[in-house]
Amino acid sequence: MGKVVEVEGGKYKVLRFVDSARTGHQGTIYPHVESDEEAVAHQQQDVHRQPLEPQTPAELTR
């Protein structure tokens, strides 16, 4: 991982991405590059599961 994404002027690093085929849970942890804040994106899919790329913090508001 380690990819850095910019959202509204803030820079976040992709710390960890989890995609569990067993549970259908997908999640990504993004620590802010310049502070101790973290953003977490996750979703649960039950039917017709499709693999997704790690989401950016901006996509959390969709």
Side-chain angles (χ1 to χ4, degrees):
M1 297 280 144
K3 178 182 176 181
V4 175
V5 295
E6 188 169 334
V7 178
E8 297 180 8
K11 293 183 180 179
Y12 295 83
K13 186 175 183 178
V14 177
L15 177 66
R16 181 154 184 196
F17 175 66
V18 176
D19 184 359
S20 174
R22 183 178 64 81
T23 65
H25 183 263
Q26 297 172 325
T28 309
I29 301 173
Y30 302 91
H32 191 276
V33 173
E34 299 171 356
S35 74
D36 291 332
E37 296 177 349
E38 291 184 340
V40 178
H42 64 92
Q43 68 179 4
Q44 180 75 29
Q45 294 182 353
D46 295 322
V47 182
H48 307 294
R49 187 172 171 336
Q50 297 177 0
L52 299 176
E53 293 296 316
Q55 297 173 316
T56 65
E59 293 174 314
L60 295 174
T61 60
R62 287 187 187 177

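The two residues P31 and E38 come nearest to each other via the heavy atoms CA-CG, 3.9 Å.
Taken from NE2 in H25 to CD in Q43, the straight-line distance is 8.5 Å, to the nearest 0.5 Å. Note that CZ of F17 is 5.5 Å distant from CD of Q26, once rounded to the nearest 0.5 Å.
A search for side chain to side chain contact (heavy atoms under 4.5 Å, CB included) contacts involving E6 returns K11, not counting sequence neighbours.
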